[in-house]
Structure formats: structure tokens, C-alpha cells
4 protein chains.
Amino acid sequence: MLVANYRTGRVPRAVRSAQLLELADQLFAERGFHAASMDELARRAGVSKPVIYDHFGSKEQLFATCVRRTGEALADRVAKAVREESDPRERLRAGSIAYFRFLQDQLRAWIVLFDGEDARDTRFATEASRIRRRQSDLMIHLMAETSGTTPDHEGRPRLEAMTLAIAGAYESLSLWWHEHPEVPPEELADWLLDLIWPGLEQLNAQLATSS
Amino acid sequence: MLVANYRTGRVPRAVRSAQLLELADQLFAERGFHAASMDELARRAGVSKPVIYDHFGSKEQLFATCVRRTGEALADRVAKAVREESDPRERLRAGSIAYFRFLQDQLRAWIVLFDGEDARDTRFATEASRIRRRQSDLMIHLMAETSGTTPDHEGRPRLEAMTLAIAGAYESLSLWWHEHPEVPPEELADWLLDLIWPGLEQLNAQLATSS
Amino acid sequence: MLVANYRTGRVPRAVRSAQLLELADQLFAERGFHAASMDELARRAGVSKPVIYDHFGSKEQLFATCVRRTGEALADRVAKAVREESDPRERLRAGSIAYFRFLQDQLRAWIVLFDGEDARDTRFATEASRIRRRQSDLMIHLMAETSGTTPDHEGRPRLEAMTLAIAGAYESLSLWWHEHPEVPPEELADWLLDLIWPGLEQLNAQLATSS
Amino acid sequence: MLVANYRTGRVPRAVRSAQLLELADQLFAERGFHAASMDELARRAGVSKPVIYDHFGSKEQLFATCVRRTGEALADRVAKAVREESDPRERLRAGSIAYFRFLQDQLRAWIVLFDGEDARDTRFATEASRIRRRQSDLMIHLMAETSGTTPDHEGRPRLEAMTLAIAGAYESLSLWWHEHPEVPPEELADWLLDLIWPGLEQLNAQLATSS
DNA sequence: AATGAATGAGGTTTCATTCAT
DNA sequence: GATGAATGAAACCTCATTCAT
């Protein structure tokens, strides 16, 4: 089966969509939401602007799609990594490594999520925090499995807050890593686990008994 | 006659400056850098645009001034709170409470710092990360006092990374708090300390011996 | 149907470009660079401003394009006229007539060149003096042919200065002509030749022997 | 008699005026009409803007005053130099040298006149051409004296045109000189005289007989 | 005689978005 | 399915000019 020349002329809709998303991801990462222009995206894609509007409706929707896609990819990778271990600490460690590795591969795309020029815009903050929350949920799930219990109604907010705090720590650490790429992700993960694991275990115990 | 009617007409320069900064802080917090417009600021201040330009030179400089001002206020408050305690854990706790309290008072202004639309813009990332780094340095200092030692050359990056991670945890936790204002800042501080204190003590010990 | 209604609506790119250049030439001539506004150009062209920016990038580039275009047209005309004569004096005369005729046709455009509001602006002085210099070079060339020699290193600056002076005389004379259009260009040319030809011949002889 | 400190505080009206004119001359020469701002003039003069408006009414009037003043100074110098010689050629030579020397001293001010950013603006073209015309009149006068006759009605326009052309040559030559300041003004004057004197004498004779 | 504070109008430029083909 | 051409709205910024003191 030959590969058609997709750079010019008619292209199946799905292929165009994927190609555009890929380029948009790059562009948003390079420039941020506001500074990225539809004109440039069109130029890079070798396509006229109406094509983009036909596919995604608006710049905002296009951005949302990019963010969602990246968030899902991240969650998938972390979840998969976690699933391959059984010891609780190892699971968290594996997840962390997967998280940092994802950044290594997709740094550009990730930047869009948490350090993007427009994270604060109410329209997009939603998307970003949705992803953060997914990471947090994943961790809650993890800990619930570990302790074999679910925190009661009272303990819930605390757990939620803590996991979000941890997600924040990951994000901030990633920014630091950006400037110290020589540190291997495994070491990064170990550092972070050494920092929070003791507290996490205690928290887990505490919430478990309180239930 | 003591106080002129400052709502319209002629106002002393210093007063105008302060008023404009205050309103700009609000506006940037609401909209982010890009989406905030000088036109709107002028409208809110009941002033024509040239006034703003006369005072701050450009939108960028105005923003920088806002950010710097907020960052300094935050650092001052935290430093002051820390100074009033002597036990290491209590010091961190006091600093944390001060940090969260600052948000309660100045939430709008704070948002500009870490969740702003333009954190990613290199021009501003500098400002924001400088503040984060100041918090981090403050904490490193704190820990050094506690352990009575300074980490060696090898331990330094790790300590730096960890404090930045913790700063990230604070920031993220603040966003969560934004949606759960019923939790008192003392409780928030206790939660976070319970989470990281064990790890911090160990880290401190470890870096101390390794030096 | 051959010719679409180009006064409104969609027009092929090349046509729009030409139309805009024409109108810009007029506008710059009427008002000078600074006083001419893109708004007015757009209004006159019955087009929105972004169209202009799409075609020429910036006001400065638009201006440069106008100037260059006019300068080239002038040089072409003069060169062509000169080429059609063989006697040195006749050649200069023919060139002069062509020069003045060009003004008659393109007065507006010409004004942009040498009496423009912004000759002094370094960005444009370059363009204008380049054209003046081209005229001067043309004349130097002409005289070299006449005398069959090239002035030596010492004589060069003098010749250059003199031809530029003559170019200035042309320009100034053109302004005068603007207010005395009843004088035919041939007469104008004769006047000027009577004035400078004797001196030119002597100069030519002098520089030739000195070499 | 002591000199009061005129840089601050109250200053007699005439002194202020003179001081402002001097600085305005400089500023216009440096920046051109449009780019020169009243704000900067006020700053340089250490005076508030209303003072300037009180003295000159408007930017336009201020500029006109500058130009007129410079033009008069130039005409005075040239006239004076001419008066000190008796042989016609020497008189023209002396006038030319005075002209070029004026530039050497007052280059900045001169630029405002003929190469200014706004020479073309109808409002100012008037001023500039008035000066050019004065130079031209001066020369006509000179030649009339030489030949002892005044050209008849028919010869007048031609003489006028020629003298204006010559004035243009001077201006253009001055620009060239700007880039070759090593040439002494006497040499410049000789060059120009060698070029136009033969033609001028013939013209003079011709117009004299024709009358 | 002089000023600090303010303004209105206008400038260039950029962008997301949409017809008409 | 795709495009070339066009637009409306809004952004930042500057300047000559004038009150009110």
C-alpha cells in the first residue's frame, strides 16, 4: 500500500484532522495560545484557513482539543506504568517515572498544559485543572487500593487537597527539570518519593482508621 | 479642606499611581495579561489612556510592576511570620499560614503570579519564577538553620528541586482552596506539613550527613 | 464576461496591488509620508486596512515600494532617451527633456521622491539619494563616453560633486516649472544646457587631461 | 553685570523666547518636524509645555519661526559677503563661500530648511521655497548689476528659473559636502563657479542684448 | 510667569473569522 | 474538499494641546 502525498491536494478528513492537531500542538507549545496565529498554523500545514475552521470550528475549540488529547495521552501512560507494578511504593514510583518520561518526549505539548501563556484564561484553566484532577484521582485510587479502604466523608477533601498539592509538586518539579535535564527521571522520582512517601503513608493510615 | 475629590479630575501623581496599580492588579488577575486591555483599565480608572502611559510607560512595564509588587508583599509577609517562631516545624507552619492568609487577602493579585495567562511568556516567566524561587530560597535557608549545616555541592540541586516542588504544592493547594474557602488556613497548613514534614526531616538529615 | 467590476468586492491580487500602489503614490505625494494615513488610503481604495497590510506589510514598505518604482521608471525613461541620440550635447538634451516630460506625466509620483516630507528620515533619504545618485552616475557615464576617458582618482570626487549639483538643479528647476507649466520641456532643457554645457565641456577637458 | 541663572525660575520673556528658539532649532534639525515632540523640547528647555505654547502658539508656528530665522541669517551672511567684493565673479564666489561656511557652522539648522522631514508639507514648503527664492533674487540682483541692465519681460522667467536651478545646485552640493567634509568651502565654490560661470556670462550677455 | 495633570483624536498594526468561487 | 480575498474589531501607543491651580 502506497502512502498518498498528503502535503498537497485532497486528503481524507481524518488524516487532515490528525495532521492539523499535531501541528497545532507544536505551535501552541512554541508560542502559547494568544501568540499562536491561525495564519501561521495554516501556513505550516500548507492549507488554507477555512480548512482549519471546517475541522475545529474555532481557535478555542482547537486549543481545547489539543489540551485534551495531550492530557489523555499523559494519563494513559501513567496508568499503564502503574498497572505494571504491585507494591504501592513501586507503583507510585513507576507512575512518577512515566510522568517525567512523558515530559521528556512531549515536552512541548506538556508546556501547553501547565505553563501555557493562557492557563489562567478561565476558558482554559478548566481544561488544565481537569487534567491535574485526573492525575490526582489516579493517585487517590492508588492509595485506596493500598490501604484497602476509602476515606470517609470527612477525610475526602483532605485527601483530594493533598493529591492536588502533590500534582502541583510534580508540575513545578518538571519546570525545574527543564533547566536540569542531566538528572535522570528515575532519580527525580526517587527524590520526590523520599519526600512525600513518609507523609503519604501516615496520611493513608490516618484516613483509613478514621473511616 | 483636607481631602480632594479624587474620583474625578486632578489627582496628585502618587495617588493616581497607587490607584492605577491597584486596579491593574485586579484587571490582570481577572483577565490575564493579554486579555486585559489598557482601554478597559482606563475606563475603570475613569481616566484617559495617556495617563496610564505617562505613569507606567507600557503595558509590559505596568504588568511587571504589578507582579513585582505582589511578589515582594508575599515574601515580606512570609518572612515576617517565620521570624516570629523558633521551633523549625513551627516556623514552617507559620510561614505556610502567612502564605495562605496572603492569598485570602490578595487572592486576585496572587493569581497574576502563578496562574497568569502569560507565565509561559519568557518576559514574565522570569518574574513569576523569581518569586517562586524566593520562596524556595527562604525554605532552604530555614532548613539550613534547622540542621545547622549547608548541603554540599552534590546535595544542593536536590534540595533546590525539592523546595521548588514544595512551592508548587503550595501553589496548587491554593487553587484548590479557592474552591473550598471554608477550610481555615491553619488546617491547610497542618495538612501540608503532615504530608511533607517527615520527608523533609529525613532529607535534611541525609543532606547533613552527606556533607 | 471579460472584466469584473473591480471597484467593489473581490479582485485578483495583482490588480489590487497595482491599484493600491497607484493610489498610495498619489496620497504620499499629496500629504507626504507622515501625514498620509493608512486609514485614508484604505478609504480611497474602498478597501479595509488589512488588505493593504497583506499586500505590502507595513507603511514603510509601502512607501519604499512607491519610491523605488517611481525612481526606476524615471531612470528608464531618461536612459532610453539618451540612447537614441549620438551627439553628446544632444544626448544630454534628450535626457533632460525625458526627465522633464516624466514629471509632466508623473508629477505627483515624483514629488514623493525629492520634495517628500521625509527626505530627512534616514530610512528614506537612502532611497531618494540613491535615485539622485543614479541620475548622477548616468551623467558621469555620458561624459566619460564623450571625452573617451575616465577621470583619475583625484578628479573623481569633483566630477561626482558636479553631477550631483546638476541633479539638484534639475530638481529645483522642476519645482519652478510646477508653477510655470506653460514653458515647454524642450525650452527648459535648452535653458539648462545653455547654462551648464560650457562649464561641463571645460570640466570634461580638464579632467581628461589631468588623468 | 551678572548673568542670572536662567535655567530655573522666572526669566524675562525675550530671553526665554530666544532660548527656546535655539533649542527648537536643534531639535527640529535632529529629528525633523514630525518626530520632534513638544514634550522633548519642554524637557530640554527645563520648562513646562504651556510656556512654549504661551510663547509660540503652536508647534507649526514655532517651526515657521525657526525656519524664517535661519533663512534670514543665511541671507544676511551671503549678502554681507557679496558686498565686500566688487568683481562680479568674485562676488559670486564670495557669496558661495559664505553660503557653504554657513552650513559648516549651522549645519543642523540648515538641514531643517531643505532636507527636512517635512519640506513637502504644503504648510512648510512655502517657508523653504521663500528662502530659496531669496537666494535666487539675490543672484538676479547680482547679475543685473554686472550687466548693468535688467532683463526684459521675456527674459525674466528664464533668469528666474536659472537662478532657482542654481540654488538647487547649491543645496544638492551641500548634501554631498555633508559626506565629504574634507573638501574646503573655497574649493567647493571654485568647482561650482567653474561649472556655471561660463554659462552665466553668456546668459547675462544674451538677456542684456535681448532687452 | 509657570506648572502638574489630563485629554481627544488619531496612528499603525494584528487577528479570528467568513464570503464567493 | 478547498481557497483567495476580504473584513470588523480591537489592540497598543503617541502627540499636540489645554485646564485648574
Side-chain angles (χ1 to χ4, degrees), chain A residues 8-13 16 34-42 46-55 57-62, chain B residues 4 8-17 34-42 45-60 62, chain C residues 4 8-17 34-42 45-62, chain D residues 8-13 16 34-42 46-62:
Chain A
T8 56
R10 324 251 140 166
V11 163
R13 194 173 175 80
R16 252 294 118 83
H34 255 112
S37 87
M38 298 301 259
D39 260 301
E40 179 158 10
L41 178 55
V47 158
S48 75
K49 276 184 291 180
V51 173
I52 304 176
Y53 280 87
D54 184 37
H55 278 254
S58 78
K59 190 186 183 187
E60 229 162 282
Q61 285 175 59
L62 172 58
Chain B
T8 55
R10 229 137 281 243
V11 165
R13 197 176 173 79
V15 176
R16 246 306 112 82
S17 254
H34 258 117
S37 89
M38 299 301 258
D39 261 300
E40 179 157 11
L41 178 54
V47 156
S48 72
K49 270 182 296 176
V51 172
I52 306 176
Y53 281 89
D54 184 36
H55 279 254
F56 302 102
S58 77
K59 191 186 184 185
E60 224 162 284
L62 172 58
Chain C
T8 57
R10 229 136 280 243
V11 165
R13 195 174 175 79
V15 175
R16 238 319 102 85
S17 255
H34 257 116
S37 89
M38 299 300 260
D39 260 301
E40 178 157 11
L41 178 54
V47 158
S48 71
K49 273 183 293 178
V51 173
I52 306 176
Y53 280 88
D54 184 35
H55 279 254
F56 302 102
S58 76
K59 192 186 182 185
E60 223 162 287
Q61 284 175 63
L62 172 58
Chain D
T8 56
R10 323 249 139 165
V11 164
R13 196 173 173 80
R16 250 295 117 84
H34 254 112
S37 88
M38 298 301 260
D39 261 300
E40 179 158 10
L41 177 55
V47 157
S48 75
K49 277 184 289 178
V51 173
I52 305 177
Y53 281 88
D54 183 36
H55 278 255
F56 302 101
S58 77
K59 190 187 184 186
E60 228 162 282
Q61 285 174 59
L62 172 59

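Below, read A as the first sequence line, B as the second, and so on, with proteins coming before strands; counting in each chain starts at 1. Note that the structure is predicted; figures quoted are calculated from it, not measured.
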Note to self: If I take atom OH in residue Tyr53(C) and atom P in nucleotide dA9(F), what distance separates them, rounded to the nearest angstrom?
What the structure shows: 18 Å
Check: Any N or O donor-acceptor pair linking the side chain of Lys49(A) to the base of dT18(E) at under 3.5 Å?
Finding: no
Check: How is Asp39(C) classified with respect to the nucleic acid when contacts are heavy atoms under 4.0 Å: base, sugar-phosphate, or nothing?
Finding: base
Next item on the list: Could you please name the partner base of dT21(F), counting Watson-Crick and G-U wobble pairs only when both distances are under 3.5 Å?
Entry: dA2(E)
Margin query: As an exercise, state the distance from OG of Ser58(D) to CD1 of Ile52(D), rounded to the nearest 0.5 Å.
Written below: 11.5 Å
Next item on the list: Measure from CD1 on Ile52(C) to P on dT7(F) and round the result to the nearest Å.
Entry: 10 Å
Check: To the nearest angstrom, how far is Arg13(C) atom CZ from dA20(E) atom P?
Finding: 21 Å
Check: Can you tell me the Watson-Crick or wobble partner of dC15(E), both distances under 3.5 angstrom?
Finding: dG8(F)
Next item on the list: Please figure out whether Gly57(C) or Val51(B) has its closest DNA chain E nucleotide nearer the 5' end.
Entry: Val51(B)
Note to self: Reading DNA chain F from 5' onward, which residue's closest nucleotide shows up sooner: Met38(D) or Pro50(A)?
What the structure shows: Pro50(A)
Notebook entry, point to check: Do you know which two heavy atoms are closest between Ala42(B) and Ser48(B), and how far apart they sit?
Noted result: CB-C, 4.2 Å
Margin query: Applying side-chain contact (heavy atoms from CB on, under 4.5 Å) to Leu62(C) and Leu41(C), what does each step give before you reach the verdict?
Written below: CA-CA 11 Å; Leu62(C) 172 58; Leu41(C) 178 54; 3.5 Å; yes
Check: Whole-Å distance between dT17(E) P and Asp54(A) CG?
Finding: 14 Å
Checklist line | OP1 or OP2 of dA2(F) under 4.0 Å from side-chain N/O of Arg16(A) | finding: yes
Notebook entry, point to check: Roughly, in whole Å, what's the span from NE2 in His34(C) to P in dG10(E)?
Noted result: 17 Å
Note to self: In this structure, how many angstroms lie between the C1' atom of dT3(E) and the CZ atom of Arg10(B), rounded?
What the structure shows: 10 Å
Check: Within the structure, does a side-chain N or O atom of Ser48(A) lie under 4.0 Å from either OP1 or OP2 of dA2(F)?
Finding: no
Next item on the list: Nearest-nucleotide wise, let me know which of Lys59(C) and Val47(D) is further upstream toward the 5' end of DNA chain E.
Entry: Val47(D)
Margin query: Without decimals, in angstroms, what is the distance between Leu62(B) CG and dA11(F) C1'?
Written below: 15 Å
Item checked: Euclidean distance, atom CZ of residue Phe56(C) to atom P of dT14(E) [Å, nearest integer] -> 16 Å
Next item on the list: Could you grab the distance from atom OH of Tyr53(B) to atom NZ of Lys59(B), nearest 0.5 Å is fine?
Entry: 8.0 Å
